[in-house]
2 protein chains.
Amino acid sequence: MNEDLADLKGTERMTNSGYRLTPQRRHVYGILLQKKDHPTANEVFLRAKQALPDISMATVYNCLDALVQSGLVTQVNLDRGATHYCVNMEDHCHFHCDSCDGIFDVDYRSEWAKAQIPMPAGFSITHFQVALRGICSACAAHLNRSQVPRDGDPGRGENGVAIPIKIVGKEGPLGKGKSARPKQT
Amino acid sequence: MNEDLADLKGTERMTNSGYRLTPQRRHVYGILLQKKDHPTANEVFLRAKQALPDISMATVYNCLDALVQSGLVTQVNLDRGATHYCVNMEDHCHFHCDSCDGIFDVDYRSEWAKAQIPMPAGFSITHFQVALRGICSACAAHLNRSQVPRDGDPGRGENGVAIPIKIVGKEGPLGKGKSARPKQT
DNA sequence: GTCAAGATTTGGAATAATTCTAATTATAAA
DNA sequence: TTTATAATTAGAATTATTCCAAATCTTGAC
């Protein structure tokens with residue numbers, strides 16, 4: 001199961017990073033492996049409570065930080081809203097759809113891109129992230145038709161899977177940090 | 001002066017984007033031009049109050065959003081903390097120093113990098129951002145000596161300028177979303 | 001010049017995200 | 001078993017951001 005996998009993969013990297021692999025950390029890691037939809041800390045917390053009713057929000061933040069520091073998870077900071085977490089440690093970038101707020105993993109080899117960056121002398125890079133924004137194929141298809149209110153929960157794509165969206169008579173739900181644009185004259 | 005420049009550059013792009021260039025928006029844009037140090041909304045607010053004592057936080061957020069929507073400013077989301085704002089609209093990426101929290105602009109032509117990304121059919125990219133993390137040259141130099149507490153305010157680099165830092169007897173001040181690592185045995 | 005409509009600003013409240021604190025529990029090493 | 005340290009917990013506090021209603025400002029029509 002995913003938590004077995006979490007056990008196998010997590011122990012070594014965590015203890016090597018100076019952290020203990022506690023039941024809570026194994027569980028949080030398992031949650032991230034189980035549904036790779038870039039959840040926020042709050043979503044992880046709600047999911048974690050199902051098997052660990054007494055887990056606290058502080059512990060979830062502690063677990064996520066430990067996983068990040070251990071190189072098992074990365075933070076994805078898209079806009080002014082809550083941070084998302086990604087458990088896919090293969091080289092890739094994230095695509096964020098401005099219409100449905102979906103987050104998609106996109107395969108991307110970054111070694112050569114890094115090599116092209118003219119870093120000033122003395123700087124050392126430890127992390128490299130590419131973030132894309134735009135409109136996913138599902139939303140593009142819908143926006144090319146008429147904008148009709150549709151049912152369906154906006155959510156986050158999982159490894160490129162298009163997802164149902166809700167269009168509400170204007171330019172989709174706005175991401176955090178994006179107030180409604182005035183009508184153009 | 002910078003606000004004159006803000007006036008010239010902002011008017012066209014804002015009205016073309018459906019926004020009015022109000023005195024508040026011009027002032028906020030001028031603040032970003034005046035000191036390109038990737039300030040947060042709160043820092044912009046504090047600076048803005050010096051010339052506009054009655055400006056409110058909601059207005060600052062509104063102004064920043066309008067500037068972003070108009071393509072005059074970009075959001076920089078580095079960690080779990082507050083969003084930063086960048087007024088440099090030339091193609092570049094950001095380097096975030098994990099030791100001093102400085103943010104540095106790094107020249108980087110991204111066109112060919114974009115071309116290398118295998119986007120699934122139907123996706124359209126409107127924004128592309130590269131984020132780097134690591135240790136800047138100044139912090140690397142200090143960390144290579146002994147870790148001695150030094151005075152000086154950590155701050156954000158401005159276009160690659162190294163800045164004084166404060167090392168506090170451990171691995172520098174931690175960024176948001178990074179609790180202290182336990183001592184390694 | 002007046003009026004209406006819509007955009008924007010304001011002050012403050014509310015919400016959301018995250019961090020902090022102190023006490024307790026768990027774990028590992030001696 | 002004891003001790004030291006890491007981790008968890010519950011809840012409070014802080015920070016970041018959004019929302020609301022009223023007021024103000026701006027623009028276009030008349």
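The structure presented is a predicted model; accordingly, all values stated were derived computationally and were not measured. Proteins come first, then strands; the chains are lettered A, B, ... in the order of their sequence lines, and each starts at number 1.
Partners of B:Ser56 according to the side-chain contact (heavy atoms from CB on, under 4.5 Å) rule, which considers only residues two or more places apart in sequence or in another chain, are B:Ala58, B:Thr59. B:Met89 is linked by a side-chain contact (heavy atoms from CB on, under 4.5 Å) to B:Thr74, counting only residues two or more places apart in sequence or in another chain.
Here A:His38 and A:His94 bring their ring centres to under 6.0 angstrom of each other.
Checked by atom type and distance alone, the side chain of B:His27 pairs as donor or acceptor with a backbone atom of B:Ala48 at under 3.5 Å. Under a 3.5 Å cut-off, the side chain of A:Arg25 and the backbone N or O of A:Leu67 do not form any donor-acceptor pair. With A:Gln69 contributing its side chain and A:Ala66 its backbone, the two residues share no donor-acceptor pair below 3.5 Å.
Rounded to a whole Å, the CD atom of B:Glu43 is 9 Å from the P atom of D:dA16. Computed from coordinates, the B:Gln69 CD to C:dA7 C1' distance equals 15 Å when rounded to whole Å. The nearest whole Å value for the distance from the CZ atom in B:Phe45 to the P atom in C:dT10 is 10 Å. Rounded to a whole Å, the CG atom of A:Leu21 is 10 Å from the P atom of D:dT8. Following rounding to the nearest Å, A:Asp79 (CG) and C:dA17 (P) show an atom-to-atom distance of 11 Å. For A:Leu64 and D:dA7, the CG to P distance is 14 Å, given to the nearest whole Å. Distance CG (B:Asp65) to P (C:dT8): 12 Å, rounded to an integer number of Å. The distance between atom OH of B:Tyr61 and atom C1' of C:dA17, rounded to the nearest whole Å, is 12 Å.
For A:Arg80, taking side-chain heavy atoms from C-beta onward, the closest of the listed nucleotides C:dT19, D:dT17, D:dA7 is D:dT17.
Contact of the B:Leu64 side chain with the B:Leu32 side chain is registered, since non-hydrogen atoms from C-beta on lie closer than 4.5 Å. B:Arg80 places a side-chain heavy atom less than 4.5 Å from the side chain of A:Tyr61. Side-chain contact between B:Cys86 and B:His92 is present, with at least one heavy-atom pair separated by less than 4.5 Å.
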Under 3.5 Å, N/O pairs linking protein and nucleotides 9-12 of chain D:
from, atom 1, to, atom 2, distance (Å)
D:dT9, OP1, A:Asp54, O, 3.4
D:dT9, OP2, A:Ser56, N, 3.3
D:dT9, OP2, A:Thr59, OG1, 2.9
D:dT9, O5', A:Asp54, O, 3.3
D:dA10, OP2, A:Asp54, O, 3.2

Short heteroatom pairs, N/O only, protein and nucleotides 22-27 of chain C, under 3.5 Å:
none

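One axis for each end of the helix from C:dG1-D:dC30 to C:dA30-D:dT1, each built from five base pairs, and the angle between them comes to 30° at 10° resolution.
Distances shown here put a side-chain N or O of A:Asn62 below 4.0 Å from the OP1 or OP2 atom of D:dT8.
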Practice prompt. Report the C-alpha distance between A:Glu43 and A:Leu46 in whole Å, list the side-chain angles of each, state the deciding distance to 0.1 Å, and finish with yes or no for side-chain contact (heavy atoms from CB on, under 4.5 Å).
Written response: CA-CA 5 Å; A:Glu43 286 163 339; A:Leu46 295 175; 5.6 Å; no
Name each donor-acceptor pair under 3.5 Å that joins a side chain in residues 118-130 of chain B to protein atoms two or more places apart or in another chain, with its distance.
from, atom 1, to, atom 2, distance (Å)
B:Thr126, OG1, A:Arg133, O, 3.2
B:Gln129, NE2, B:Gln75, O, 2.9

